[in-house]
Q: 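Right, I'll just put the structure down here and ask away after.
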Amino acid sequence: MIRIIFSVFACIAVLLQGSAIAQDITLAKDAPDAYTVIKGDTLWGISGRFLEQPWRWPEVWRMNKDQIRNPHLIYPGQVVLLDRNGPWLSIGRRVGGQPGDEKLYPQIYTEPAAQAVPSIPLQVIEPFLTHPLVVDRARLEGSATIIATDTSRVMMGQGDTVFAKNVTEGVDTWQVYRPAKALENPVTREILAYEATYLGAARVTKHGSPATLELLSANEEIGTGDLMLPSERATVFSYVPHEPDVPVAGQLVSIHRGVAETGKMNVVALDVGAGDGLDVGHVLALYRNRGVAEYKGDGVKEKFTLPEKRYGIAFVFRVFDRISYALVMESDGPVTIGDSVRNP
């Protein structure tokens, strides 16, 4: 009997806790009562139509435990309903209001999984999940290095043979990379790490000094002096978006593909990482640096630092010690190097 009573109290506590969490969530301005899912939607984007904090979608979707484990169970054509009392979001049919609308009831959908609505567009970040991306000076100096090519050719491609030093015994699959540029702190100019350009993959055909390797793939031509790191295992990308547990303050130090500015659904590098308490799944607010204004009224020159403007949200999906990569999920205007990131 005691165990039963305890279980009842535990269930009530969980329900109250979930209710309290939901009450902290603010509805978006002009949030609709219902929304019909279309191809190309994401859970984050759908939630943004209803909520001021769309990254908190796991807390407000009224789904069973199986659906929480696998959020990719929403499909184009389905209707998302808003219960403003929670607020809660659920899948169903509109109740009245339009001809042909039916009463809300549970049902089974059989659409192909390939059409399911994802939490974020994985095709954008997939190349970043297993490639080296960032190496510090110590790792750079200890990398395996291609010291010669077969028949002394200058550049090699898929299927060609190369020879390398510092190839670890027992490690057969390697990633070939080239350090592209130094990632610097925008203020101190301290080099935080080196961003790597992924060139391709290689497999050891014979260990030794030097080792013999066959190039399995080549995004670019590979030659003497290019570096190698052991291949990382591909992992299933799973997360729950959430705010950092500690105060985080950093800046954008790089934009993918070397452009000066970017926008929504593009990848940026930040000068904060695991050493600053950052982790995969963290959500950060983007702030625009408005710079300094000079005022020359009354013959006196004065300088004023203009206040920052919060203009977007970024989702952290890969973290290194001093650098992390984030996907810009929301942006009101251009995203530029030197902009700030902080807790949302």
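Both backbone and side-chain heavy atoms feed into the values below; hydrogens, waters and symmetry mates do not. Just so it is clear, the structure is predicted and the values come from calculations on it, not from any experiment.
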Q: If you measure from CZ on R203 to OG1 on T173, what distance do you get to the nearest 0.5 Å?
A: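 With rounding to 0.5 Å, CZ (R203) is 7.5 Å from OG1 (T173).
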Q: Could you give me the CA-CA distance, side-chain angles and deciding distance for R178 and E195, then say whether salt bridge (charged side-chain N to carboxylate O under 4.0 Å, His left out) is met?
A: CA-CA 9 Å; R178 187 178 298 146; E195 196 168 52; over 6 Å; no
Q: Salt-bridged, D332 to K309, with N to O below 4.0 Å?
A: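 K309 and D332: salt-bridged.
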Q: Would you indicate whether the side-chain heavy atoms of T145 and M228 approach each other to under 4.5 Å?
A: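 Contact flag for M228/T145 side chains = no.
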Q: Would you say V171 and L216 are hydrophobically clustered, going by side-chain heavy atoms of ILVMFWY under 4.5 Å?
A: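 No; tracing contacts between hydrophobic side chains, which count when under 4.5 Å, never links both residues.
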Q: Could you grab the distance from atom CZ of F163 to atom OG1 of T149, nearest 0.5 Å is fine?
A: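 Answer rounded to 0.5 Å: 8.0 Å.
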Q: If I compare all heavy atoms of Y177 with all of A196, which pair ends up nearest, and what's the gap?
A: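 That would be CD1-CB, 3.5 Å.
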Q: Let's go through W88 and L82 carefully: what are the C-alpha distance in whole Å and the side-chain angles of both, what is the deciding distance for side chain to side chain contact (heavy atoms under 4.5 Å, CB included) to 0.1 Å, and is it a yes or a no?
A: CA-CA 6 Å; W88 303 106; L82 171 64; over 6 Å; no
Q: Please tell me if the side chains of V253 and I337 come closer than 4.5 Å, counting only heavy atoms from C-beta onward.
A: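 No - every pair of side-chain heavy atoms lies 4.5 Å or more apart.
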Q: Ion pair present between E243 and R56, side-chain N to carboxylate O less than 4.0 angstrom?
A: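 No, no charged N to carboxylate O under 4.0 Å.
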Q: Please assess E214 against K206 for the test salt bridge (charged side-chain N to carboxylate O under 4.0 Å, His left out), listing each intermediate value before the final yes or no.
A: CA-CA 10 Å; E214 176 190 359; K206 184 180 180 181; over 6 Å; no
Q: Strictly distance-based, threshold 3.5 Å: is any side-chain N or O of S217 a donor or acceptor partner for the main-chain N or O of A201?
A: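 Side chain of S217 to backbone of A201: a pair is present.
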Q: Within the 4.5 Å heavy-atom criterion, are Q251 and V187 side-chain neighbours or not?
A: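 The answer is yes; the side chains approach within 4.5 Å.
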Q: May I ask you to test the P54-M329 pair for a side-chain heavy-atom distance under 4.5 Å?
A: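 Contact flag for P54/M329 side chains = no.
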Q: For the atom pair OH (Y35) and CG (L81), what is the distance rounded to the nearest 0.5 Å?
A: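 So the gap between those two atoms works out to 13.5 Å.
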Q: Rounded at 0.5 Å granularity, tell me how far CD in E220 sits from OG1 in T197.
A: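 Result: 6.5 Å between the selected atoms.
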Q: Can you find a pair of side-chain heavy atoms, one from I222 and one from L215, that are under 4.5 Å apart?
A: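 Of all side-chain heavy-atom pairs linking L215 with I222, at least one is under 4.5 Å.
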Q: Answer with yes or no whether the side chains of Q78 and T36 bring together a donor and an acceptor at under 3.5 Å.
A: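 Short answer, no.
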Q: Honestly curious: do Y198 and V134 fall in one hydrophobic cluster under the side-chain, below-4.5 Å linking rule?
A: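 Different clusters.
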Q: Any idea which heavy atoms bring E261 and I255 closest together, and the distance?
A: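 The answer is CA-CD1, 3.6 Å.
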Q: Between V283 and I313, is any pair of side-chain heavy atoms under 4.5 Å apart?
A: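 Heavy-atom side-chain distance check passes, below 4.5 Å.
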Q: Provide the closest heavy-atom pair for P334 versus D339 in the form atom of the first, atom of the second, distance.
A: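 Answer, listing the atom of P334 first, then D339: O-OD2, 4.3 Å.
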Q: Kindly work out whether a path of hydrophobic side-chain contacts (I/L/V/M/F/W/Y, heavy atoms less than 4.5 Å apart) joins V316 to L252.
A: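 As far as the 4.5 Å side-chain criterion goes, L252 and V316 are connected within one cluster.
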Q: Supply the atom-to-atom distance S47 OG to R49 CZ, rounded to the nearest 0.5 angstrom.
A: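 It is 11.0 Å, given to the nearest 0.5 Å.
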Q: Has the side chain of T42 got a donor or acceptor atom that lies under 3.5 Å from a matching backbone atom of G45?
A: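 The answer is yes, because a donor-acceptor pair under 3.5 Å joins these two groups.
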Q: Just by distance, with hydrogens left out, do D279 and H242 show a side-chain donor and acceptor under 3.5 Å apart?
A: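 No, no side-chain donor-acceptor contact under 3.5 Å.
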Q: Of the non-hydrogen atoms in A293 and L306, which two are nearest, and what is the gap between them?
A: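 Minimum heavy-atom contact is CB-CD2, 4.0 Å.
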Q: Report yes or no: do Y287 and V341 belong to one cluster of Ile/Leu/Val/Met/Phe/Trp/Tyr joined by side chain heavy-atom distances under 4.5 Å?
A: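 No: no chain of side-chain contacts under 4.5 Å links Y287 to V341.
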Q: Quick check: does any side chain N or O of N343 sit under 3.5 Å from a backbone N or O of V248, one acting as donor and the other as acceptor?
A: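 Yes, because the side chain of N343 sits within donor-acceptor range (under 3.5 Å) of the backbone of V248.
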Q: Can you see which heavy atom on L278 is nearest to which on S324, and at what distance?
A: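 Heavy atoms of L278 and S324 come nearest at CD2-OG, 3.3 Å.
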Q: Would you say D226 and L199 make side-chain contact, with heavy atoms under 4.5 Å?
A: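 Touching, per the 4.5 Å side-chain cut-off.
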Q: Do S143 and L229 pass the side chain to side chain contact (heavy atoms under 4.5 Å, CB included) test, and can you show the C-alpha distance, the side-chain angles, and the key distance before you say yes or no?
A: CA-CA 6 Å; S143 291; L229 287 172; 3.7 Å; yes
Q: Evaluate K165 against S209 for side chain to side chain contact (heavy atoms under 4.5 Å, CB included), listing each step before the verdict.
A: CA-CA 6 Å; K165 66 175 184 177; S209 183; 5.9 Å; no
Q: Check the hydrophobic clustering (I, L, V, M, F, W, Y; side-chain heavy atoms under 4.5 Å; chains of links allowed) and say if L89 and V37 are grouped together.
A: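 Looking at the clustering, V37 is in the same group as L89.
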Q: Please check: side-chain N/O of R290 versus main-chain N/O of P307, any donor-acceptor pairing under 3.5 Å?
A: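 Yes, R290 side chain to P307 backbone: donor-acceptor pair under 3.5 Å.
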Q: Hey, what's the ring geometry for F315 with W44, parallel, tilted or perpendicular (30° and 60° as the breaks)?
A: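 Ring orientation of F315 relative to W44: perpendicular.
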Q: Between K181 and S254, is there a side-chain donor-acceptor contact under 3.5 Å, judged purely by atom types and distance?
A: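 A pair is found: one side chain offers a donor N or O, the other an acceptor, under 3.5 Å apart.
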Q: Run D33 and R84 through salt bridge (charged side-chain N to carboxylate O under 4.0 Å, His left out) and show every step you take.
A: CA-CA 8 Å; D33 292 324; R84 297 176 184 272; 2.9 Å; yes
Q: Please enumerate all residues that pass side chain to side chain donor-acceptor pair (under 3.5 Å) together with T224, with sequence neighbours excluded.
A: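 With neighbours one apart ignored, the set is empty.
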Q: Is any side-chain heavy atom of N266 closer than 4.5 Å to a side-chain heavy atom of V335?
A: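 When only atoms from C-beta onward are counted, V335 and N266 do not touch, as no gap falls below 4.5 Å.
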Q: Angle between ring planes, Y325 versus F317, binned at 30° and 60°: parallel, tilted or perpendicular?
A: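 Judged by the thresholds at 30° and 60°, the geometry between Y325 and F317 is tilted.
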Q: Could you walk me through whether K29 and E52 pass the side chain to side chain contact (heavy atoms under 4.5 Å, CB included) check?
A: CA-CA 8 Å; K29 296 179 181 178; E52 289 287 350; 4.2 Å; yes
Q: Of all the heavy-atom pairs spanning W174 and A144, show the shortest one and how long it is.
A: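 For W174 versus A144, the nearest heavy atoms are CZ3-CB, 3.9 Å.
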Q: Which value, rounded to the nearest 0.5 Å, describes the distance between I191 atom CD1 and L183 atom CG?
A: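 Separation between the atoms: 9.5 Å.
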